[in-house]
Amino acid sequence: MTAASKPPTLLTSAPLSSDPRTPTHMSRYDAATIEAKWQAAWATAEVFSARRDSTRPKYYVLEMFPYPSGNLHMGHVRNYAMGDVIARYKAAQGFSVLHPMGWDAFGLPAENAALERGMHPGPWTRANMAAMKEQFLSLGFSLDWTREFATCDPEYYGQQQALFIDFLEKGLVYRKNAVVNWDPVDMTVLANEQVEDGRGWRSGALVERRDLTQWFFRISDHSDALLSGLDGLTEWPEKVRTMQANWIGKSRGLQFGFALTAPYDEFSALDVYTTRPDTINGASFLGISPDHPLAKALEANRPDIAEFCAECRRGGTSEAERETAEKKGFDTGLTVRHPLNPDWTLPVWIANFILMDYGTGAIFGVPAHDQRDLDFARKYDLPVIDTFFAPDDATPVADIAFTPPKTEPVSWVNHPTGLELASGEAAIDATIALAEAGGWGKGVTQYRLRDWGLSRQRYWGCPIPVIHCERCGVVPEAKENLPVKLPEDVTFDLPGNPLDRHPTWRNTTCPTCGGEALRETDTMDTFVDSSWYFARFTSPGAATPTDPAEAAYWMNVDQYIGGVEHAILHLLYSRFFARAMAICGHLPDTAAEPFRALFTQGMVTHEIYRTRDTAGRPVYHLPEHVTDGRLADGTAVEVIPSAKMSKSKKNVVDPVHIVETYGADTARWFMLSDSPPERDVEWTSAGADSAFKHLNRVWRLAEDLGQSASDGAPQGVNDDALARAVARAIADVTAGIEGFAFNTSVAKLYGLTNVIAKSKAPEADRAAALAILARLMAPMTPHLAEEVWSMLGGTGLLAQTPWPVADPALLVDDTVTLPIQINGKRRSELVVAADLPKAEIEALALADPAVIKALDGGTPKKLIVVPGRIVNVVV
RNA sequence: GCGGGCGUGAUGGAAUGGUAGACAUACCAGACUUAAAAUCUGUUGGGCGUAUGCCCGUGUGGGUUCGACUCCCACCGCCCGCACCA
């Protein structure tokens with residue numbers, strides 16, 4: 001399917017010219033007609049089909065593909081309008097552009113819809129895709145639709161299953177136990193999003209943590225590579241690199257054991273990991289996770305401990321929830337000996353804030369130098385031992401832990417290494433050395449990054465292609481049996497995974513021994529789907545995950561654009577996948593970092609409208625259903641301040657309405673105006689009117705100046721002032737696009753429009769200037785630009801016309817205005833030749849009346865001249 | 001709680017450490033019109049003022065600099081992420 005095979009449905013009249021007495025001989029800017037016309041023209045010429053072309057450099061621009069919710073929202077329009085600016089601009093610069101689009105089509109909302117309306121997730125998703133594609137087409141993006149796919153296509157997820165099997169072979173994926181949110185009433189696994197205040201969103205039951213055997217990608221084996229790889233990503237935002245580095249969380253610390261004073265069960269010592277071994281003499285207790293093997297052993301014999309651990313396991317699994325929960329502890333009664341002093345014993349506590357999957361699941365608490373430990377110590381009346389003070393202040397810690405930066409020198413109290421005045425860093429080094437020399441501990445590099453659990457106990461995802469055989473164990477499905485397709489005949493009348501209760505799908509034969517066996521019923525995390533789609537776009541029809549020749553040509557993505565909310569997970573997973581695919585030969589090694597440049601756009605926000613149902617649970621309402629704070633039936637809604645547009649909060653705006661009223665170009669222009677792309681923008685209807693007004697103005701200029709258009713594109717601009725304005729605009733608009741400052745490009749285009757409209761230059765000059773304006777506007781408002789170009793007699797499609805180049809001679813001004821500051825405040829100005837020597841500027845500045853007055857006969861203390869910029873006189 | 005970011009007129013925002021407020025919206029005034037809309041022109045950070053003049057002003061408080069929206073420190077407010085939302 002091509003870009004305009006189905007013309008969008010648009011109003012035929014423009015809303016701001018609705019007066020029936022408008023003379024009929026006067027034509028108007030008719031977005032509906034214009035946009036359909038040019039979309040058809042682009043489609044006929046197949047302008048946007050990506051082609052391998054050895055004579056041109058390639059450019060791969062990609063926006064994060066959407067989840068097919070059924071409606072494009074303004075956030076999408078913003079995202080794809082930005083990508084389209086880049087794609088069209090790069091095409092005009094002569095690049096062979098790949099700009100594909102597809103659907104991130106698996107996921108929870110389809111299952112929720114299935115539960116709510118009794119509809120199968122497949123048709124629901126397909127219908128949404130069809131609706132959204134129509135909206136996409138009406139916006140006129142320069143997308144290569146011949147490469148379209150959805151992650152729920154068996155052709156796609158079958159290749160994903162092949163990848164999984166390859167990963168399995170290379171040891172990149174394995175099974176282990178992990179906890180999930182378990183709803184004991186609905187008897188189902190819940191996503192973190194489905195847990196509200198520790199309760200299941202539907203049942204309201206207290207959520208429990210439950211252990212399940214699940215599949216994991218060995219992403220943590222690549223921690224160091226993923227961390228050091230960030231250094232090469234110079235065209236990624238610094239904040240994203242920082243966030244990823246912090247997420248990977250490389251730390252150096254000490255691992256060592258505390259011997260139990262009396263062995264318990266098979267435990268004779270407890271291993272701890274700490275990043276602050278230098279504070280070892282400040283230890284006042286040992287803390288272990290409720291999931292620590294020792295805690296589990298204690299549970300078996302001690303009902304009170306079992307009850308405490310059970311309490312710790314209530315509530316959701318999310319880190320935010322655990323971190324903000326009240327800190328609780330339980331004294332096990334066991335004690336350990338301090339490694340540096342066998343007479344010193346410490347109590348062992350079980351604490352709910354200690355995670356089993358970081359370090360060893362056991363810590364020693366240093367209340368004097370860790371706020372959380374201090375709160376814990378005060379709550380349970382444990383000792384607080386100062387191990388260091390500020391060099392000039394030896395006040396013991398009371399309610400606020402003393403935690404200076406590790407680089408700051410502090411004075412130590414009886415430090416085991418003998419240090420007196422030293423930084424934390426130096427003390428850490430010394431303590432690790434001491435432990436290694438003494439043989440009681442070893443320095444360890446630890447990462448916060450955990451392996452990526454990919455198992456989901458759900459239907460609407462990519463089936464994990466493994467089979468459980470009683471004789472052969474867990475074996476991969478044979479590749480010739482791929483794809484393992486999801487069965488269609490499933491029901492959603494019960495919670496849980498329909499694959500589990502499917503009568504026949506689960507039963508299969510073992511690919512190894514041919515005996516009876518059972519399929520895995522878990523499906524993959526949807527992050528897996530989106531971790532390699534960019535690679536698949538290079539050869540969407542290939543019978544293997546990628547076609548190596550195509551991947552080698554098109555990879556990497558030269559410009560990736562998406563929401564900052566994906567700064568960590570999606571981008572980190574994709575970086576891991578690219579490495580894993582390279583290991584399996586599906587991508588060249590040079591694609592290990594798949595996204596050369598990244599831009600994270602801000603979010604489009606909107607107010608949220610909420611009411612509550614009889615049970616007090618929130619019910620959200622779409623903006624189009626709310627007028628003046630009330631629903632159609634008069635119910636008042638609670639207005640919650642602007643937040644990220646999200647399907648679950650229903651604070652989404654339908655761009656279809658804007659396109660129908662004003663046209664696609666207005667929607668695009670408006671989304672690119674005003675707000676810097678990286679910043680959040682609140683959607684307002686007021687901006688649309690002004691955008692539309694401007695496009696009308698450009699169109700009217702074209703109508704005025706196009707009357708006398710001769711054949712062929714308008715020639716050069718001879719009028720000097722106009723020519724300079726045009727050159728300036730070319731340079732500034734280009735710089736704005738290159739720097740992802742589309743809002744400033746838009747401002748410069750407004751400026752050039754104003755200059756052309758007010759210019760008294762000959763009509764041919766103004767027409768030529770307007771033709772340049774059209775070319776500069778083409779990436780943003782492509783339909784109007786084509787129309788204006790054609791009205792002015794331009795030949796060919798603007799979509800295939802090279803980007804204009806500014807005459808450098810016209811960018812340099814002969815004279816400059818230099819502000820004169822006196823003591824840093826602007827007091828006067830100087831108009832001088834641009835190349836005037838510094839000494840002469842100084843002389844002119846000292847002769848300036850304002851300067852003479854300020855000096856009052858004296859000499860300046862200092863005279864700063866920055867040629868071309870400013871003069872500052874210090875008196 | 002932890003990690004990251006943002007904060008400038010009535011509003012969205014502009015500004016390689018160098019004239020703060022470009023461009024746009026809104027408001028006000030004028031032109032055109034019987035009138036309105038549309039369109040066009042002009043004004044608009046606050047204060048004093050006859051002024052081509054002065055004072056204040058980029059969340060708050062400090063600091064660096066000849067010069068700070070920009071760099072550094074602390075604080076306040078808002079936003080994003082926190083591994084099963086996508």
Side-chain angles (χ1 to χ4, degrees), chain A residues 16-19 22 64 66-67 69 104 106-109 180-181 189-195 237-240 242-247 249 316-325 327 353 371-372 448-458 525-527 530 563-570 572-573 600 602-603 605 641-644 646-648 673-676 678-682 684 686-687 689-691 693-694 696-697 700 741 743-744 746-751 754 757 817-821 823-829 860-864 866 868-874:
Chain A
L16 299 186
S17 319
S18 52
D19 185 354
T22 299
M64 291 178 185
Y67 179 82
S69 60
D104 190 12
F106 277 135
L108 265 186
V180 294
N181 298 309
V189 176
L190 298 177
N192 282 340
E193 189 192 48
Q194 298 171 317
V195 179
E238 190 62 42
K239 63 175 175 183
V240 174
T242 305
M243 280 192 267
Q244 291 218 350
N246 290 340
W247 184 261
T317 58
S318 81
E319 189 179 317
E321 197 162 341
R322 298 165 85 130
E323 287 288 326
T324 50
K327 307 291 176 283
F353 58 86
Q371 192 60 45
R372 189 167 60 183
R448 204 187 74 101
L449 180 64
R450 307 198 296 258
D451 277 337
W452 168 14
L454 67 114
S455 300
R456 297 292 181 270
Q457 296 70 39
R458 298 186 213 296
D525 178 9
T526 55
F527 271 122
S530 56
V564 69
E565 66 273 24
H566 296 291
I568 297 176
L569 293 179
H570 162 62
L572 192 64
Y573 291 159
T600 54
M603 284 171 282
T605 64
S642 251
K644 169 188 171 184
S646 88
K647 293 171 281 286
S648 60
S673 310
D674 292 346
S675 279
E678 69 278 8
R679 216 183 286 181
D680 287 356
V681 59
E682 169 151 28
T684 64
D689 285 325
S690 75
K693 204 168 91 177
H694 178 72
N696 269 280
R697 192 174 175 218
R700 279 197 312 273
N743 55 322
T744 62
V746 166
K748 300 299 179 186
L749 290 166
Y750 271 113
N754 289 340
T817 304
L818 292 182
I820 297 178
Q821 291 184 337
N823 291 337
K825 293 192 182 207
R826 184 183 165 281
R827 284 292 180 268
S828 182
E829 61 184 31
K861 236 189 197 158
K862 205 164 183 181
L863 183 60
I864 293 132
V866 184
R869 296 246 65 134
I870 205 160
V871 178
N872 193 9
V873 187
V874 186

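Below, chain A is the first sequence line, B the second, and so on; all start at residue 1. Any value given below was found using the heavy atoms of this structure, including those in side chains, with hydrogens, waters and symmetry copies removed.
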What does G563(A) touch in the nucleic acid at a heavy-atom separation under 4.0 angstrom: a base, only the sugar-phosphate, or nothing?
->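 Touches nothing.
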Within the structure shown, what part of the strands sits under 4.0 Å from T324(A) by heavy-atom distance: base, sugar-phosphate, or nothing?
->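 Here T324(A) touches the bases of the nucleic acid.
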When you get a sec, tell me which of [options] is the closest nucleotide to the side chain of [X]?
| X | options | answer |
| --- | --- | --- |
| P109(A) | rG4(B), rA86(B), rC23(B) | rA86(B) |
| M243(A) | rA24(B), rC84(B), rG4(B) | rG4(B) |
| I568(A) | rA83(B), rC23(B), rG81(B) | rG81(B) |
| T817(A) | rG1(B), rU19(B), rG4(B) | rU19(B) |
| R826(A) | rU16(B), rG4(B), rA20(B) | rA20(B) |
| N743(A) | rG18(B), rU25(B), rA14(B) | rA14(B) |
| V189(A) | rU16(B), rA86(B), rC84(B) | rC84(B) |
| N246(A) | rA86(B), rG4(B), rC82(B) | rG4(B) |
| E565(A) | rC82(B), rA22(B), rA86(B) | rA86(B) |

Take the protein atom [atom1] of [X] and the nucleotide atom [atom2] of [N], then report the distance between them rounded to whole Å.
| X | N | atom1 | atom2 | result |
| --- | --- | --- | --- | --- |
| L449(A) | rC82(B) | CG | C1' | 13 Å |
| Y573(A) | rC85(B) | OH | P | 10 Å |
| L569(A) | rC80(B) | CG | C1' | 13 Å |
| R448(A) | rC2(B) | CZ | P | 13 Å |
| N696(A) | rA38(B) | CG | C1' | 10 Å |
| F527(A) | rA86(B) | CZ | P | 7 Å |
| Y750(A) | rA24(B) | OH | P | 7 Å |
| K748(A) | rA24(B) | NZ | C1' | 13 Å |

Contact summary for T817(A) and P819(A), nearest pair of heavy atoms |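 Shortest heavy-atom contact: O-CD, 3.6 Å.
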Between [N] and [M], how far is it from one [atom1] atom to the other, in whole Å?
| N | M | atom1 | result |
| --- | --- | --- | --- |
| rG21(B) | rG9(B) | P | 14 Å |
| rC78(B) | rU60(B) | C1' | 15 Å |
| rA22(B) | rC75(B) | C1' | 32 Å |
| rA51(B) | rU44(B) | P | 13 Å |

Output yes when at least one side-chain N/O atom of [X] is less than 4.0 Å from OP1 or OP2 of [N], else no.
| X | N | answer |
| --- | --- | --- |
| N192(A) | rC82(B) | no |
| T242(A) | rG4(B) | no |
| R450(A) | rA83(B) | no |

Contiguous pairing runs of three or more, Watson-Crick or G-U under 3.5 Å, that involve RNA chain B =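 RNA chain B forms these stems: B:1-7 with B:76-82, B:10-12 with B:23-25, B:28-31 with B:39-42, B:45-48 with B:53-56, B:59-63 with B:71-75.
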Expected string for nucleotides 63-70 of chain B under the B/S/- scheme (protein heavy atoms, under 4.0 Å, primed atoms plus P, OP1, OP2 as sugar-phosphate) is ---BS---
Going 5' to 3' along nucleotides 45-53 of chain B, which nucleotides have protein heavy atoms under 4.0 Å from the base (write B), which only from the sugar-phosphate (write S), and which from neither (write -)?
-> ---------
Starting at the 5' end of RNA chain B and moving along, which residue's nearest nucleotide shows up first, T317(A) or D104(A)?
->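 On the 5' side of the pair lies T317(A).
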E323(A) or L108(A), whichever maps to the more 5' nucleotide of RNA chain B =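 Between the two, 5'-proximity favours E323(A).
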Tell me, do L569(A) and W247(A) make a side-chain contact under 4.5 Å, heavy atoms counted?
->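 Touching, per the 4.5 Å side-chain cut-off.
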Taking [X] for its side chain and [Y] for its backbone only, find out whether a donor-acceptor pair lies under 3.5 Å.
| X | Y | answer |
| --- | --- | --- |
| N872(A) | G824(A) | yes |
| K862(A) | P860(A) | no |
| E678(A) | T600(A) | no |
| E321(A) | G316(A) | yes |

Under-3.5 Å N/O pairs linking protein and nucleotides 75-78 of chain B:
none

Verify side chain to side chain contact (heavy atoms under 4.5 Å, CB included) between R456(A) and D525(A), making sure each step is shown before the conclusion.
-> CA-CA 6 Å; R456(A) 297 292 181 270; D525(A) 178 9; 3.1 Å; yes
Contacts of [X] that satisfy salt bridge (Lys or Arg N to Asp or Glu O under 4.0 Å) - sequence neighbours left out:
| X | value |
| --- | --- |
| E319(A) | R448(A) |
| R458(A) | none |
| E829(A) | R826(A) |
| R322(A) | none |

What is the glycosidic conformation of rG12(B): syn, defined as within 90° of 0, or anti?
->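 rG12(B): anti.
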Residues that D104(A) engages under side chain to side chain donor-acceptor pair (under 3.5 Å), provided they are two or more places apart |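 D104(A) satisfies side chain to side chain donor-acceptor pair (under 3.5 Å) with no other residue.
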Greater than 12 external heavy atoms within 6.0 Å of K861(A)'s NZ =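 At most 12 heavy atoms, drawn from other residues, nucleotides or ligands, come within 6.0 Å of this atom.
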For nucleotides 7-12 of chain B, which of its nitrogen or oxygen atoms have a protein nitrogen or oxygen under 3.5 Å away, and what is each distance?
unit_1  : atom_1 : unit_2  : atom_2 : d
rG7(B)  : OP1    : R679(A) : NH2    : 3.4
rG12(B) : O2'    : S675(A) : OG     : 3.3
rG12(B) : N2     : D674(A) : OD1    : 2.8

S690(A): what forms a side chain to side chain contact (heavy atoms under 4.5 Å, CB included) with it, not counting sequence neighbours?
->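 Side chain to side chain contact (heavy atoms under 4.5 Å, CB included) check on S690(A) returns nothing, list empty.
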Can you find a donor-acceptor N/O pair under 3.5 angstrom joining the side chain of Q457(A) to the base of rC84(B)?
->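 Check passes, donor-acceptor contact within cut-off.
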Pairwise N/O distances under 3.5 Å, protein to nucleotides 40-42 of chain B:
unit_1  : atom_1 : unit_2  : atom_2 : d
rC40(B) : OP1    : R697(A) : NE     : 3.2

